[in-house]
**Q** 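One structure, as C-alpha cells, below. Some questions next.
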Amino acid sequence: IKNVRMPLEGFLKGIPNQKHASSFVRLIAAPFVCLIVVYDFDGVCFDAFPKEWLDTLSTHRITSVNLRLENMSGAENNSEIISKKLSEWFVPESLAVSKVLDGSAVVASDFRIDDEGHQRFVLFIDPATDDRRVGRIIQRLCEIEMYKSMSMLGFARVRSMARQMGDVDTELSQIMSDMNDGKLAAEVTLDNLLKVSTELETLSAEASFRLGATEAYEAIVHQRIRVL
C-alpha cells in the first residue's frame, strides 16, 4: 500500500486479521514494512513474513493478494490515466474494472497469479472518500477473494470424486448386464446393488460438508459484491 494521501491508521482500524475454523487472514500494510518499492507489484513487502515463521505453519496458502492503493488525480483525463496504468499492470484479456460505492473508488484486477505468487488488485480512490470507507472497501475485497478461493475447494473435492464415480458407473453397468443375461441369482444381484448403494452414500457423506461450505461461501461472495 503506497502513494496514498491518507494516514494508514485511519482506514486500517476496520480491517482486522481474521481467523476462522477453516482459514485465517493476515494483512500487511506496506509503508510499515517496505521502505523501498522498486517496481509496482514487485512483491517485496511480503518478505515481512519471516521464513522461520512460515516454516512452522501446518497450513496451506489458499490465496494471496497484492493490493495497491492509488489516488485518483481529479484531472479531466483521469480515465485515460487509469487506463494507461491498468494496461501496464494487468493482462488486458482478463482485466475486470468496476466503480464501487457510487463511484468513490475504482477497483481492478485480472485475477491472474503473477511471478511472485500473488493476485494483483488495484484500488483507485477518490480524494473525497472517507478513510474508514476506504478501509471497508479493502476489507470487502479481501473477503471476496478469500471466500471465492475457499469455495473452489468444493470443485477440487468433486474432481477427486470423479474416479470413484467412474468405478461405481462400471459396477452398475456390469450389474445391468448380468441382470439382462440372467447369469446371477436374485440374491447376488441384490447384494451387489446394496454394495453400490453403500458406496454412493459414503461418497455423499464425505462430500456433504465441503459442498455445503462451498454454497455458504458463494452466498457470502454475492453479499459482499452487493454491498460494494
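Computed from heavy atoms alone, side chains included, the values below leave out hydrogens, waters and symmetry copies.
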**Q** Restricting to non-hydrogen atoms, name the atom on G117 and the atom on S64 that form the minimum distance, rounded to 0.1 Å.
**A** O-CB, 4.0 Å

**Q** Answer yes or no: is there a side-chain heavy-atom contact under 4.5 Å between Q223 and V227?
**A** yes

**Q** With a 4.0 Å cut-off on N to O distance, would you call E80 and K84 a salt bridge?
**A** no

**Q** Passes side-chain contact (heavy atoms from CB on, under 4.5 Å), L69 versus I138? Steps please.
**A** CA-CA 9 Å; L69 299 187; I138 295 173; 3.9 Å; yes

**Q** Show me, pair by pair, the donor-acceptor contacts under 3.5 angstrom made by side chains of residues 105-112, not counting sequence neighbours?
**A**
residue, atom, partner, partner atom, Å
S109, OG, F111, N, 3.0
S109, OG, R120, O, 2.8
D110, OD1, R112, N, 3.2
D110, OD2, V91, N, 3.0
R112, NE, S94, OG, 2.8

**Q** Does the T198 side chain pair with the main chain of L194, one donor and one acceptor, at a distance under 3.5 Å?
**A** yes

**Q** Are the side chains of N192 and E171 in touch, meaning some heavy atoms are under 4.5 Å apart?
**A** no

**Q** Quick test of your reading: applying side chain to side chain donor-acceptor pair (under 3.5 Å), list the pairs with at least one residue in residues 148-159, sequence neighbours left out, ordered by first then second residue.
**A** E145-K148, E145-S149, R157-S160, R157-E206

**Q** Measuring from atom OG of S104 to atom CD1 of I137, what distance do you get when rounded to the nearest 0.5 angstrom?
**A** 4.5 Å

**Q** Within a 6.0 Å radius of atom CG on D115, are there more than 12 heavy atoms belonging to other residues, nucleotides or ligands?
**A** no

**Q** First locate atom CD of E70, then atom CZ of F124, and finally report the distance between them rounded to the nearest 0.5 Å.
**A** 5.5 Å

**Q** Supply the atom-to-atom distance I113 CD1 to N66 CG, rounded to the nearest 0.5 angstrom.
**A** 13.0 Å

**Q** List for me each residue that meets side-chain contact (heavy atoms from CB on, under 4.5 Å) alongside A162, sequence neighbours excluded, and say none if there are none.
**A** none

**Q** Looking at CG of L101 and CZ of R133, how far apart are the two atoms once the value is rounded to the nearest 0.5 Å?
**A** 5.0 Å

**Q** Which residues pass the side-chain contact (heavy atoms from CB on, under 4.5 Å) test with D181, sequence neighbours left out?
**A** S177, K183

**Q** Any side-chain heavy-atom pair from L211 and V158 closer than 4.5 angstrom?
**A** yes

**Q** What do the steps show when you test E143 against R140 for salt bridge (charged side-chain N to carboxylate O under 4.0 Å, His left out), and what is the final call?
**A** CA-CA 5 Å; E143 289 172 341; R140 298 294 178 259; 3.5 Å; yes

**Q** Under the rule for side-chain contact (heavy atoms from CB on, under 4.5 Å), what residues qualify as partners of D167, not counting sequence neighbours?
**A** R163

**Q** Is it true that, when you exclude L190 itself, more than 12 heavy atoms of the residues, nucleotides or ligands shown sit nearer than 6.0 Å to its CG?
**A** yes

**Q** I'd like to check L67 versus V122 (side-chain heavy atoms, cut-off strictly below 4.5 Å). Are they in contact?
**A** no

**Q** Apply side-chain contact (heavy atoms from CB on, under 4.5 Å) to M152 and list each qualifying residue two or more places apart in sequence or on a separate chain.
**A** F155

**Q** What closest approach, in Å, do I144 and I225 show between heavy atoms, and which atom pair accounts for it?
**A** CD1-CG1, 3.8 Å

**Q** Could you go through the side-chain contact (heavy atoms from CB on, under 4.5 Å) check for D169 and M165 one step at a time?
**A** CA-CA 6 Å; D169 185 63; M165 292 298 297; over 6 Å; no

**Q** Under a 4.5 Å cut-off applied to non-hydrogen side-chain atoms, are H118 and T63 in contact?
**A** no

**Q** Side-chain contact, heavy-atom cut-off 4.5 Å: Q164 with L203?
**A** yes

**Q** Does some side-chain heavy atom of L153 sit less than 4.5 Å from a side-chain heavy atom of R210?
**A** yes

**Q** From F209 CZ over to T214 OG1, what is the distance, rounded to the nearest 0.5 angstrom?
**A** 9.5 Å

**Q** How long is the straight-line distance from CG of L123 back to CG of L141, given to the nearest 0.5 Å?
**A** 6.0 Å

**Q** Is there a donor-acceptor contact under 3.5 Å from the side chain of T129 to the main chain of I125?
**A** no

